[in-house]
S.K.: 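Mind looking over this structure? Questions follow.
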Amino acid sequence: MSDTYNSNRPAAGKPRSPKTWDFMETTFVALIAYAVFLLTAGFGVSIILLVQYGVEDLSPSLYRAIAMRGHWYGAALIIAFAPTLAVLWVAIQRAGREFTEYLALNWPSRNEMLLAFAVTAVFLLDRIEFCLRRLSILRYRRRSWRIVCLLVGGCLAGPIMEEFAFRGFMFRGWSESFLGPIGAIVLTSALFGMYHTQYDWPARFWIFLFGLVLCVFAGVQIRPG
């Protein structure tokens, strides 16, 4: 009786079968990650601004205007970076996959890197003047921490988080769903443009086109799960 009972019990510590989250599961996790991003970024910056300016001095319109300044927006990205990626990490672990493998974090070849840098440079030409102007203003105010927040948040934390979410997690799940790679490229790029609410519609369309190019590079690294 005891031997029969033990033979029917599942093996302790049996590893979870590796899988790729389907379309709805990927969408659900992405929404959770976005909610965590909004909450942590908004809550973190709100505390900083309220401490600096005071509750009574911040109307909703004034708060938004201040929060969207380059250095404060960079600070929000830095604050939200770890919690947002933690959501993706937990989901990938639940799928029984390695984080780097699921997101296709493969080191590109030299030719792929050169092509990516060249295309990115072409797409970002229109932003160079804007970035230099912002850095000039920050330097004039002699606040080095503002430059650090802008550069670390806008050039490291934000882009890494976006690539892991859009061209990594979402593209992986959606490209292996009914959408296929082409549908996943279009959808992730459209959402990538919509996500940048700080810009007007022409700028969002430009970001959508840039997202298409980034997805092509990401698709080269993705391997079926």
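If you're wondering where the values come from, they're calculated on a predicted model, not measured in any experiment.
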S.K.: Yes or no on side chain to side chain contact (heavy atoms under 4.5 Å, CB included) for L85 and F81, after CA distance, side-chain angles and deciding distance?
M.R.: CA-CA 6 Å; L85 293 190; F81 178 79; 3.4 Å; yes
S.K.: For C149 and I78, work out which heavy atoms get closest and say how close.
M.R.: O-CD1, 4.1 Å
S.K.: At their closest point, which heavy atom of V29 faces which heavy atom of A91, and how far apart are they?
M.R.: CG1-CB, 3.7 Å
S.K.: Answer whether the closest heavy-atom distance between the side chains of T188 and L214 falls below 4.5 Å.
M.R.: no
S.K.: Please report the closest heavy-atom contact between A80 and T84, naming both atoms and the distance.
M.R.: O-OG1, 2.7 Å
S.K.: Centre of F192's six-membered ring, under 6.0 Å away, within 45 degrees of the axis: is that where NZ or CZ of R204 sits?
M.R.: no
S.K.: Quick check: is W174 connected to F178 through a chain of hydrophobic side chains (ILVMFWY, heavy atoms under 4.5 Å apart)?
M.R.: yes
S.K.: Is R172 close enough and on-axis enough to Y102, meaning under 6.0 Å and within 45°, for cation-pi?
M.R.: yes
S.K.: So, for R167 and C215, which heavy atoms are closest and what is the spacing to 0.1 Å?
M.R.: CD-SG, 3.5 Å
S.K.: Are R94 and W21 side-chain neighbours, meaning at least one heavy-atom pair lies under 4.5 Å?
M.R.: yes
S.K.: Does I182 have more than 12 heavy atoms from other residues, nucleotides or ligands lying within 6.0 Å of its CD1?
M.R.: no
S.K.: I would like to know whether L179 and L187 meet side chain to side chain contact (heavy atoms under 4.5 Å, CB included); could you show each step before the answer?
M.R.: CA-CA 9 Å; L179 287 176; L187 182 57; 3.7 Å; yes
S.K.: What are the two closest heavy atoms between I185 and F171, and how far apart are they?
M.R.: CG1-CE1, 3.4 Å
S.K.: Hey, do the aromatic rings of F164 and F169 have their centres closer than 6.0 Å?
M.R.: no
S.K.: List the steps and the verdict of side chain to side chain contact (heavy atoms under 4.5 Å, CB included) for L191 and M170.
M.R.: CA-CA 10 Å; L191 293 176; M170 294 163 66; 3.8 Å; yes
S.K.: Can you list the steps and then say if Y195 with F166 is a side chain to side chain contact (heavy atoms under 4.5 Å, CB included)?
M.R.: CA-CA 10 Å; Y195 161 78; F166 287 94; 3.9 Å; yes
S.K.: Taking the side chain from E25 and the backbone from D22, do they hold a donor-acceptor pair closer than 3.5 Å?
M.R.: yes
S.K.: Under 3.5 Å, side chain of S189 to main-chain N/O of L212, donor-acceptor pair present?
M.R.: yes
